[in-house]
**Student:** 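Please see the structure below; I have some questions.
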Amino acid sequence: MAAKAAMGDTQLRQNVRHATDVIQAKRARVVAEMPDWQELREAGRQIRQHTMEHLDYYLQEFEANCTRAGGVVHWATDAEEARRIIVELVKASGSSEVIKIKSMTTEEIELNPALEAVGIHPFETDLAELIIQLGHDRPSHIVVPALHKNRQQIREIFQREMNLSELGEQPQDLADAARIFLREKFLRVKTGVGGANFLIAETGGVCVVESEGNGRMCLTLPETLITVAGIDKVLPRFEDLEVMLQLLPRSATGERMNPYNSIWTGVHPGDGPRAFHVVLMDNARTSVLADAEGRETLHCIRCAACQNACPVYRQTGGHAYGSVYAGPIGAILTPQLQEMHHAQSLPYASSLCGACYEVCPVKINIPEVLIHLRNKVVRQNTAGVAGLFDVEAGVMKAMAMIFRSERRFRAAQRLGRVAEKPLVGKDGWIGWLPGLLGGWTQARDLQEMPKETFRAWWEKRGANGR
Ligand code: SF4
């Protein structure tokens, strides 16, 4: 239903198509200038695989080194515990406001509503997140959360929410309005909350990369800094950043390097926040790790290249996925982070064309994980109904029987042509199927069978001596 609504929104589709085209073109340019791009991807894959195989070790190493440097590490089993810890930390800091760095993890745990519920006002400082917050909207993209909005729409939101009588619609005008709106918050608010791109086990350091400089403000100006990160964000060594900081910006925004790369370790007198907390959150990541076929999902570095390349995402945008993580990565991550029965349709939100796999900087074989998850959905749906007729399994058995015999196959083709006649529309497409098969055509159209099979055409051609 969500996909249908998105498909009907022409403006949204134009915005998504335009933005993903621009990012893809930039990515292709900067990737093409790297002669060792494939070797870098392989290095990235190996680093992530090694980390996940020894995750417990590296997390403990991170905790020890971060603590030694003056940070405080908290462990959260799930989103609820992470929210509770952060709310308590903000309260303890004595602040009723927080400035936020863009973080999909805080979206995942729905932190803003939890803060607002206890009277703490969060200010998003990333331009795209600010647009989402002021527009009372939801992110639709991992890297560019307001990708579904165009300039005119952003201008309307800013004018309305910032009480601006006049505002141009040039990028400079919009950036100036956001800068003026945020500058005073940066200087006033004493507590910062954000996520992390990487946690470095060897040093206990935290790395955030960004393009606007708002993150740097949030990391240096507040007295208290709270970072919330999934346990999958850890990297073993500082030098692993050499690989990741080449792969990530090129894949994410088509930049050779992010304009702002911040790495901080604990607290230092007279320099930056006086208190630093890291909330390390599981939220089902350990159960993803336990699944040998699904675990490479945790290798993800959230670059969104797979979203930009995906033909399904490019048609529908992110909201149709009903998940914080949209696109191919959302289709494999969300069903594993949530109980599968909450997101059964997501593994099917893909054409399995492989475009996501081709662009993934850490070589996650997304199509393979999708098929694994589809298997899980089918197994889950048929569990407990043994003995009852399962439509999908029945259809597959019938197909197998037909394909095993040329005689049966030819007969099925003849029968199919007769049976489809009343269903074919004027345009040559079948838009609905009756009975139990109706579910299949809810989101698909089927093309009319060709008037003549290739075999018949070939035989005729032979008979004519050509
Ligand atoms: S799955 Fe790969 S391409 Fe997609 S966001 Fe993650 S790292 Fe990027």
Side-chain angles (χ1 to χ4, degrees), residues 1-8 293 310-316 320-321 328 331-332 335 340-341 343-357 366-466:
M1 289 306 286
K4 246 186 186 163
M7 294 291 284
E293 287 167 86
C310 175
V312 176
Y313 178 90
R314 283 161 55 77
Q315 290 299 326
T316 64
Y321 290 77
I332 58 171
M340 183 67 102
H341 56 261
Q344 286 213 342
S345 62
L346 282 183
Y348 293 91
S350 166
S351 62
L352 298 181
C353 67
C356 48
Y357 183 29
I366 297 176
E368 221 168 79
V369 180
L370 282 166
I371 290 169
H372 166 62
L373 295 177
R374 288 180 187 186
N375 270 331
K376 269 175 117 173
V377 172
V378 172
R379 279 203 303 275
Q380 219 171 53
N381 287 346
T382 51
V385 291
L388 292 179
F389 180 65
D390 171 41
V391 180
E392 193 169 352
V395 169
M396 288 301 161
K397 272 191 191 137
M399 296 284 282
M401 201 181 76
I402 290 168
F403 280 113
R404 271 201 298 269
S405 144
E406 186 191 334
R407 194 174 52 81
R408 281 198 289 264
F409 183 65
R410 286 187 186 231
Q413 281 181 322
R414 281 196 300 275
L415 202 66
R417 262 193 211 95
V418 176
E420 73 169 6
K421 261 202 180 120
L423 304 171
V424 179
K426 283 199 184 83
D427 55 0
W429 287 84
I430 300 170
W432 67 278
L433 289 171
L436 289 169
L437 298 173
W440 199 86
T441 42
Q442 244 175 28
R444 304 173 182 89
D445 290 334
L446 196 61
Q447 196 164 20
E448 179 185 15
M449 287 172 73
K451 300 280 177 251
E452 185 178 47
T453 63
F454 175 75
R455 187 186 291 272
W457 172 81
W458 187 258
E459 283 167 357
K460 223 164 46 191
R461 188 172 172 270
N464 291 341
R466 296 167 63 204

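Reckoned from all heavy atoms, side chains included, excluding hydrogens, waters and symmetry mates.
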**Student:** Do Leu423 and Pro434 come close enough that some side-chain heavy atom pair is under 4.5 Å?
**Tutor:**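 Counting from C-beta outward, Leu423 and Pro434 do come under 4.5 Å.
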**Student:** Trp432: which residues meet the ring-ring contact (aromatic ring centres under 6.0 Å, His included) condition with it, sequence neighbours left out?
**Tutor:**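 In terms of ring-ring contact (aromatic ring centres under 6.0 Å, His included), with neighbours along the sequence ignored, Trp432 is linked to no residue.
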**Student:** Take atom CE in Met399; do more than 12 heavy atoms of anything else shown fall under 6.0 Å from it?
**Tutor:**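 Not more than 12 within 6.0 Å, no.
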**Student:** Got a second to check how far Glu459's CD is from Phe454's CZ, nearest 0.5 Å?
**Tutor:**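 Answer rounded to 0.5 Å: 10.5 Å.
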**Student:** Which heavy atom of Leu433 sits nearest a heavy atom of Thr441, and at what distance?
**Tutor:**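 Taking every non-hydrogen atom into account, N-OG1, 3.0 Å.
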**Student:** Do you know which of Arg417, Arg461, Lys460 makes salt bridge (charged side-chain N to carboxylate O under 4.0 Å, His left out) with Glu452?
**Tutor:**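 Among the candidates, only Lys460 passes.
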**Student:** Could you pull out all residues at least two apart from Arg408 that satisfy side chain to side chain contact (heavy atoms under 4.5 Å, CB included)?
**Tutor:**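 In terms of side chain to side chain contact (heavy atoms under 4.5 Å, CB included), with neighbours along the sequence ignored, Arg408 is linked to Met401, Arg404, Ser405.
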**Student:** Could you tell me the separation between the NZ atom of Lys376 and the CD atom of Glu293, rounded to the nearest 0.5 Å?
**Tutor:**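 Lys376 NZ to Glu293 CD: 9.0 Å, rounded to 0.5 Å.
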**Student:** Just wondering, are more than 12 heavy atoms of other shown residues or ligands nearer than 6.0 Å to CZ in Arg444?
**Tutor:**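 Count over threshold, so yes.
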**Student:** Work out which heavy atom in Val312 is nearest to a heavy atom in Tyr321; give both atom names and the distance.
**Tutor:**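 The answer is CG1-OH, 3.7 Å.
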**Student:** Output the distance between atom CD (Gln380) and atom CG (Asn375), rounded to the nearest 0.5 Å.
**Tutor:**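 The CG atom of Asn375 is 12.0 Å from CD of Gln380, to the nearest 0.5 Å.
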**Student:** To check you understand the geometry: which heavy-atom pair defines the closest contact between Ala412 and Ile402, and what is its length?
**Tutor:**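 It is CB-CG2, 3.8 Å.
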**Student:** Measure across Ser350 and Leu370 and return the closest heavy-atom pair with its distance rounded to 0.1 Å.
**Tutor:**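 Closest heavy-atom pair between Ser350 and Leu370: OG-CD1, 3.3 Å.
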**Student:** Okay, side chain of Gln413, backbone of Thr453: is any donor-acceptor separation there less than 3.5 Å?
**Tutor:**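 Not confirmed, Gln413 side chain does not pair with Thr453 backbone.
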**Student:** Does CD in Glu448 sit with more than 12 non-hydrogen atoms of other residues, nucleotides or ligands closer than 6.0 Å?
**Tutor:**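 Atom CD in Glu448 is crowded, with more than 12 foreign heavy atoms closer than 6.0 Å.
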**Student:** Mind listing the closest non-hydrogen atom pair of Val418 and Pro422 along with its distance?
**Tutor:**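 Closest approach of Val418 to Pro422: O-CD, 3.8 Å.
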**Student:** Provide the closest heavy-atom pair for Glu406 versus Arg455 in the form atom of the first, atom of the second, distance.
**Tutor:**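 Taking Glu406 first and Arg455 second, the nearest heavy atoms are OE2-NH1, 3.9 Å.
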